[in-house]
Amino acid sequence: MESIAIIVPCYNEQEALPIFYEETTKVMSKLNYDYKILLINDGSKDNTLAIMKSIAEKDNHVKYLSFSRNFGKEAAMYAGFCNANADYVCVMDADMQDPPSLLPKMLEIIHKEGYDSVATRRKDREGEPPIRSFFARAFYRIINKISDADIVDGARDFRLMKRDMVEAIVNMTEYNRFSKGIFGWIGFKTYWLSYDNVERVAGETKWNFWKLTKYAIDGIINFSHAPLSAVSWFGVFMTMISFLTLLGIIIRKLIYDDPVAGWASTICVIIFIGGLQLFCLGVIGQYISKMYLETKKRPHFIIEETNDDNAIKIK
Ligand code: UDP
Ligand code: MG
């Protein structure tokens, strides 16, 4: 029988987790797979871990990995991929925004139509504040233009993959992880399944506007060098402008013998150029800070507790 591992990152999901477990088990027990639900406790501050343990005690389809602190969803997914050991792997949120009822259809698509993965996206951005939609759309447009990762607007992390694809992801060992980009970068044949956005059943989202902005900037920096080239081209452009103005001033001096006037405008230009230089340094600094973290080669996650004896605890 083929095996499937369902990876579920959980951070403060005490209300949603029992519902998720019930629903997913209902779906999976009807299918003919050797399934495992791999719950990852990402340093929750509520009773999530206790709930995981009590579920795992009753059902040996359930394994849990509990981090020593909050490492973030990307690290939780990575820990899941490293410990999946299954023919098929699926990533799902614990809050029911990724409906377990889609699983049979996704498995069927992979089986019958020869795809390596089935990815999901929300149909539209209904129910989202317009300003957030605007920035989200702009982000996808920009990142697809300037990077070689193919990132789909509205894509969720909810995705079913074959073992080969998971192996490729595990081998992308970068510390700054941006899964939406990684999934696109590794390639493979992917089927896109659209579904209506679902609100989370309980608990709260861990994202606010500021966190999303940071996430977007990280995504761009992790998958594109375009900001660096933009900054250097900008330097070339400004140098050319300064040559032209210098030429203008010399000519004016020669023809009209006009002394250079305009102290205020000079100061404005100096401040403008100074600001630009700081901005460009900041862009370069962003890349250097990423490099700094990468060179330290710190582990992505540290597992403190688990009921899986063979689990990779630090990677
Ligand atoms: N999550 C996590 N670690 C974090 C933040 C979130 O493991 O630091 C999990 C969370 O428990 C949920 C999933 O990632 O299962 C998606 O989080 P959320 O629902 O807050 O994001 P949204 O669906 O609003 O994008
Ligand atoms: Mg959610």
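Heavy-atom basis, side chains included; hydrogens, waters and symmetry copies ignored. All ligand and atom numbering here is 1-based and tracks the order in the structure. Sequence positions, counted from 1, serve as the residue numbers for this chain.
- Here the closest non-hydrogen pair linking Val198 and Met96 is CG1-O, 3.9 Å.
- Looking at Asp93 against ligand 1, both its backbone and its side chain come within 4.0 Å, counting heavy atoms.
- At distances below 3.5 Å, at least one donor-acceptor pair connects side-chain atoms of Ser242 with backbone N or O atoms of Thr239.
- Of all heavy-atom pairs between Ala86 and Ser3, the closest is CA-OG, 3.4 Å.
- For atom 8 (O) of ligand 1, the nearest non-hydrogen atom from the set Asp98, Asn70, Asn197 belongs to Asn70.
- Neither the backbone nor the side chain of Ile40 has any atom closer than 4.0 Å to an atom of ligand 1 (non-hydrogen atoms only).
- Nearest protein neighbour of atom 22 (P) of ligand 1, counting heavy atoms only, is Trp207 CD1, 3.7 Å.
- Under the 30°/60° scheme for interplanar angles, the aromatic rings of Phe178 and Phe139 are found to stand perpendicular.
- Considering all non-hydrogen atoms of both residues, Arg156 and Asp98 come closest at NE-OD1, 2.8 Å.
- Numbered from 1 in the order shown, with element, the atoms of ligand 1 that lie under 4.0 Å from a heavy atom of Asp95 read 19 (O), 23 (O).
- When heavy-atom distances to ligand 1 are checked against a 4.0 Å cut-off, Pro9 comes that close through both its backbone and its side chain.
- At the shortest separation from atom 12 (C) of ligand 1 among protein heavy atoms lies Glu13 OE2, 3.3 Å.
- Both the backbone and the side chain of Lys73 come within 4.0 Å of ligand 1, counting heavy atoms alone.
- By the 6.0 Å and 45° rule, Arg163 does not stack over the aromatic ring of Tyr88.
- Of all protein heavy atoms, the one lying nearest to atom 24 (O) of ligand 1 is Thr205 OG1, 2.7 Å.
- At a threshold of 4.0 Å, the pair Asp93-Arg200 does not count as salt-bridged, since none of the basic side-chain nitrogens sits closer than that to a carboxylate oxygen.
- Of the protein's heavy atoms, Asp42 OD2, 3.4 Å lies nearest to atom 4 (C) of ligand 1.
- Using a 4.0 Å cut-off between a side-chain N of Lys or Arg and a carboxylate O of Asp or Glu, Lys313 and Glu304 do not qualify as a salt bridge.
- Between the side chain of Glu13 and the main chain of Ala94, no donor-acceptor pair closer than 3.5 Å is present.
- No N or O atom of Gly72 sits closer than 3.5 Å to an N or O atom of ligand 1.
- Taking atom 1 (N) of ligand 1 as the reference point, the nearest protein heavy-atom neighbour is Tyr11 CB, 3.8 Å.
- Using a 4.0 Å cut-off between a side-chain N of Lys or Arg and a carboxylate O of Asp or Glu, Asp153 and Arg125 qualify as a salt bridge.
- Atoms of ligand 1 lying under 4.0 Å from any heavy atom of Cys10, numbered from 1 in the order shown and given with element: 7 (O), 11 (O).
- Which of Arg200, Lys206, Glu204, Gln97 comes nearest to atom 19 (O) of ligand 1 through a heavy atom is settled by distance: it is Arg200.
- Protein N/O/S atoms found under 2.8 Å from the Mg ion (ligand 2): Asp95 OD2, Gln97 OE1.
- The ring pair (Phe, Tyr, Trp, His ring centres under 6.0 Å) with Phe301 is formed by just one residue from the set Phe67, Phe81, Phe71; it is Phe67.
- Between Tyr35 and His61, the angle of the ring planes stays under 30°, which puts this pair in the parallel group of the 30/60° scheme.
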(request) Might you work through the side-chain contact (heavy atoms from CB on, under 4.5 Å) test for Arg177 and Lys73, ending with a clear yes or no? (result) CA-CA 10 Å; Arg177 299 188 76 77; Lys73 186 184 177 189; over 6 Å; no

